[in-house]
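Inspection log for the structure reproduced underneath, given as structure tokens.
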Amino acid sequence: MTVNIDELGPVDWIVVEFPGSKLTGEIAPILHDFVDRGLIRVLDLLFVKRDEDGGYEVFEATDLDDSEVGELRRFETQLAMLLSEQDVEDLVETVEPGSSAAVLVWENLWAAPFGTAVRHAGGQLVASGRIPIQAVIAAIEADAEESDEGE
């Protein structure tokens, strides 16, 4: 994969945990939709199964059968494999024993033009974050309660 750094969008990662040791591949269609619409590019994808005593195994899509990864196998030939062994060890610690997880790294293609403009203007990203959806919902509900009390 050849990437022009001047055109690179922001890169994010997530660890999505599923209770139990069985993956189903149900997330594949929406991920494919994002890729097909040019919103993201999948850069790395791996799967973790953590046993009850804390031990773990890491798998790539080709290591699992279709019932576990579904159409996610399609990304295997496109991956840049960005995560190091140490990254994986650190991420595994976030997964509860007895659970499975998907680790996804993607480039936000939709944001690449903005990033390019920032770099051309001499700017650079110095901080970034994400607000958990639970916090957004709590803030909306609290605001609604305040509005109701003020009437």
Side-chain angles (χ1 to χ4, degrees), residues 1-116 118-119 124-145:
M1 171 185 296
T2 303
V3 177
N4 179 344
I5 192 158
D6 192 47
E7 298 172 0
L8 189 64
V11 175
D12 287 323
W13 61 270
I14 57 172
V15 177
V16 181
E17 181 180 88
F18 301 94
S21 62
K22 187 77 172 149
L23 299 166
T24 64
E26 290 180 53
I27 62 174
I30 192 70
L31 197 57
H32 284 299
D33 179 53
F34 289 168
V35 170
D36 292 345
R37 290 192 291 148
L39 299 174
I40 68 168
R41 175 182 13 220
V42 175
L43 299 176
D44 208 344
L45 174 65
L46 59 92
F47 304 91
V48 175
K49 290 185 180 181
R50 193 152 189 213
D51 54 39
E52 291 294 339
D53 67 6
Y56 66 91
E57 291 182 80
V58 177
F59 304 92
E60 294 179 359
T62 55
D63 299 326
L64 301 169
D65 64 45
D66 287 342
S67 67
E68 294 177 295
V69 295
E71 297 176 23
L72 292 174
R73 191 177 317 280
R74 175 178 127 186
F75 296 114
E76 198 67 36
T77 60
Q78 304 167 13
L79 301 181
M81 308 303 282
L82 296 178
L83 297 172
S84 70
E85 188 173 324
Q86 184 62 54
D87 292 334
V88 173
E89 289 176 14
D90 293 343
L91 293 173
V92 164
E93 293 302 314
T94 67
V95 179
E96 288 292 320
S99 296
S100 300
V103 179
L104 176 66
V105 179
W106 73 93
E107 176 190 2
N108 292 291
L109 295 173
W110 59 269
F114 177 75
T116 298
V118 167
R119 287 186 291 276
Q124 66 180 349
L125 180 65
V126 295
S128 181
R130 181 154 285 144
I131 300 171
I133 192 67
Q134 297 87 342
V136 173
I137 291 169
I140 291 169
E141 289 173 350
D143 187 49
E145 287 176 18

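Since this is a predicted model, take the numbers as computed values, not measurements. All values below come from the heavy atoms of this structure, side chains included, with hydrogens, waters and symmetry mates left out.
- Looking at Arg50 and Pro97, their side chains come closer than 4.5 Å, going by heavy atoms from C-beta outward.
- No donor-acceptor pair under 3.5 Å is formed between the side chain of Glu57 and the backbone N or O of Lys49.
- In this structure, the side chain of Glu17 engages the main chain of Glu96 through a donor-acceptor pair within 3.5 Å.
- Listed here is the closest heavy atom pair of Val95 and Ala101: CG2-CB, 3.6 Å.
- For Asp87, the side-chain contact (heavy atoms from CB on, under 4.5 Å) test picks out Leu83, Ser84, with sequence neighbours left out.
- Between Trp106 and Leu45, every side-chain heavy-atom pair lies at or beyond the 4.5 Å cut-off.
- Judged as a salt bridge (Lys or Arg N to Asp or Glu O under 4.0 Å), and not counting sequence neighbours, Asp51 has no contacts.
- Listed by chain and residue number, nothing satisfies the side chain to side chain donor-acceptor pair (under 3.5 Å) test with Gln134 (two or more places apart in sequence, or in another chain).
- Qualifying salt bridge (Lys or Arg N to Asp or Glu O under 4.0 Å) partners for Asp33, counting only residues two or more places apart in sequence or in other chains: Arg37.
- The closest side-chain heavy-atom distance from Val11 to Leu43 is below 4.5 Å.
- No option in Leu91, Asp90, Val92 other than Val92 meets the side-chain contact (heavy atoms from CB on, under 4.5 Å) test with Val88.
- Once rounded to the nearest 0.5 Å, the distance linking CZ of Phe47 with CG of Leu104 reads 9.0 Å.
- In this structure, the side-chain contact (heavy atoms from CB on, under 4.5 Å) partners of Pro10, at least two apart in sequence or on a different chain, are Asn108, Ala111.
- Checked against side-chain contact (heavy atoms from CB on, under 4.5 Å), Leu125 has the following partners two or more places apart in sequence or in another chain: Ser128.
- Between Val35 and Ile40 the shortest side-chain heavy-atom distance falls below 4.5 Å.
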